[in-house]
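Counting starts at 1 for both ligands and their atoms, following the listed order.
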Amino acid sequence: MDRREFLIKGGAAAAMGLGASRVASARTTIKWKMVTTWPKNFPGLGTGANNLARLITEMSGGRLKVKVYGAKELIPAFEVFDAVSRGTAEMGHSSAYYWKGKVPEAQFFSTMPFGMTAQEMNGWIYYGGGQELWDKVYAPFGVIGRPAGNTGVQMGGWFNKEINSLDDLKGLKMRIPGLGGEVLKRLGGTPVNLPGGELFTALTSGTIDATEWVGPYNDLAFGLYKAAKYYYYPGFHEPGTILEALINKKAFEALPKDLQAIVLAACKVVNMEMLAEYAARNPGALEQLVKEHHVEVRAYPDDVLRQLRKVSREVVEELAAQSKAAGEIYRSYSKFLEASRKYTRISDLPYLQAREA
Ligand code: CA
């Protein structure tokens, strides 16, 4: 507002018994940057970040304006956490397993191989004590993490050869992040982590033999079907991956209470919206992959899945033994998952089976 408008409003406020400075602060526009791990406007992930920024800007009536930067626009894809921690950007949109080198415990707030689904993750984070543990893990970095999207169950990945036995995983150089990568390593493969934007080139040039990304909607967008023929399921390594909003703690605490509430509420809205978008778009994208691009959709053989599950358990338990914090999170996570399994065994599981019968 200009000086004249300020003086008039200030005068009116003083007449009503309000301090002029309070009116001024309520009117100040705050500008935040949001850095992301995704290519700008990438379907689902990038647009989820856009939605989050747009919601915060709109819900605050423009008092808090958030501008989104795609991967490499301000910083590289995997430096989002550091950028938010340093305050280079006030917000970030990414997924917590990308920080495993710095914060191994963060992986629990992304996804676990053979772990919780999206619905269970939401239950654990919002009502099962998960958020409090997450806050504790990020506190030393001056960062707040919140769920802000979920992919649902992902696909296993893209391969140029069939996976008929465990031997087919040996020597396989595959892009697969988080603990899923560690599982592949134990079975003789070589996991690599690359930002999504580099997958297509890496797969076509032979830098990697296989890759996973997300699911039909996102994998179609990157054209991965042009680089590999076989599309395997299920994504045992990512059964309900949370996309996280990262918020610089100091910047958050400097906001008035109503803007703080808006930021947190917008995260919840986007968390729900993104999962709905995947549910709506994955089936059509899968049909397109099969009918137009002649992709061969295959299930991992049962014995391969059994071994993947066994090794996954070992890998998760080893992570839990790494630190006191990891142990505490693992106990909370496992307790929630075990209780949930007792119920899903007589609810979701038989229902989905009955629906197919
Ligand atoms: Ca993935």
Side-chain angles (χ1 to χ4, degrees), residues 36-39 42-49 71 77-78 80-81 93-101 106-118 120-121 147-159 163 169 172-185 189-203 208-225 227-228 230-244 271 274-275 277-279 281-282 285-286 289 295 297-298 300 305 308 312 315-316:
T36 71
T37 302
W38 330 118
F42 187 73
L45 305 170
T47 54
F78 292 146
V80 171
F81 186 86
H93 194 264
S94 190
S95 195
Y97 52 31
Y98 291 132
W99 327 130
K100 70 172 184 178
Q107 295 174 94
F108 284 105
F109 306 103
S110 192
T111 189
M112 290 280 117
F114 291 97
M116 294 193 216
T117 62
E120 290 167 334
M121 280 303 274
N150 198 305
T151 63
V153 180
Q154 298 197 3
M155 284 292 286
W158 295 87
F159 300 83
I163 305 297
L169 297 177
L172 196 75
K173 199 168 175 193
M174 180 175 182
R175 185 271 182 189
I176 173 168
L179 294 175
E182 189 54 37
V183 172
L184 178 70
K185 197 166 150 189
T190 307
V192 291
N193 195 14
L194 291 170
E198 294 172 24
L199 301 186
F200 181 76
T201 312
L203 195 54
I208 52 175
D209 306 315
T211 187
E212 67 79 59
W213 175 225
V214 182
Y217 178 42
N218 282 166
D219 297 5
L220 176 68
F222 271 155
L224 296 176
Y225 58 89
Y230 300 105
Y231 197 21
Y232 271 85
Y233 67 88
F236 73 91
H237 61 300
E238 300 201 56
T241 306
I242 286 186
L243 289 311
E244 66 176 357
N271 195 38
M274 192 188 291
L275 187 61
E277 189 183 2
Y278 279 113
R281 304 209 196 276
N282 274 331
L286 179 65
L289 286 170
V295 165
V297 180
R298 299 281 166 92
Y300 284 125
L305 275 176
L308 288 169
S312 293
V315 165
V316 174

K.L.:
Could you check Y232 against Y300 for ring-ring contact (aromatic ring centres under 6.0 Å, His included), going step by step and ending with a plain yes or no?
P.N.:
CA-CA 6 Å; Y232 271 85; Y300 284 125; 5.4 Å; yes
K.L.:
Name whichever N, O or S atom of E238 ends up nearest to the Ca ion (ligand 1).
P.N.:
OE2
K.L.:
Rounded to 10 degrees, what angle sits at the Ca ion (ligand 1) between E212 OE1 and W213 O?
P.N.:
90°
K.L.:
Does H237 use its side chain to pair, donor to acceptor, with the backbone of G178 at less than 3.5 Å?
P.N.:
no
K.L.:
Given F42, which of T47, N218, V214 fulfils the side-chain contact (heavy atoms from CB on, under 4.5 Å) condition?
P.N.:
N218
K.L.:
W158 vs Y231 aromatic rings, parallel, tilted or perpendicular, using cut-offs 30° and 60°?
P.N.:
parallel
K.L.:
Just checking: Q154, one of its N/O/S atoms, less than 3.0 Å away from the Ca ion (ligand 1), yes or no?
P.N.:
yes
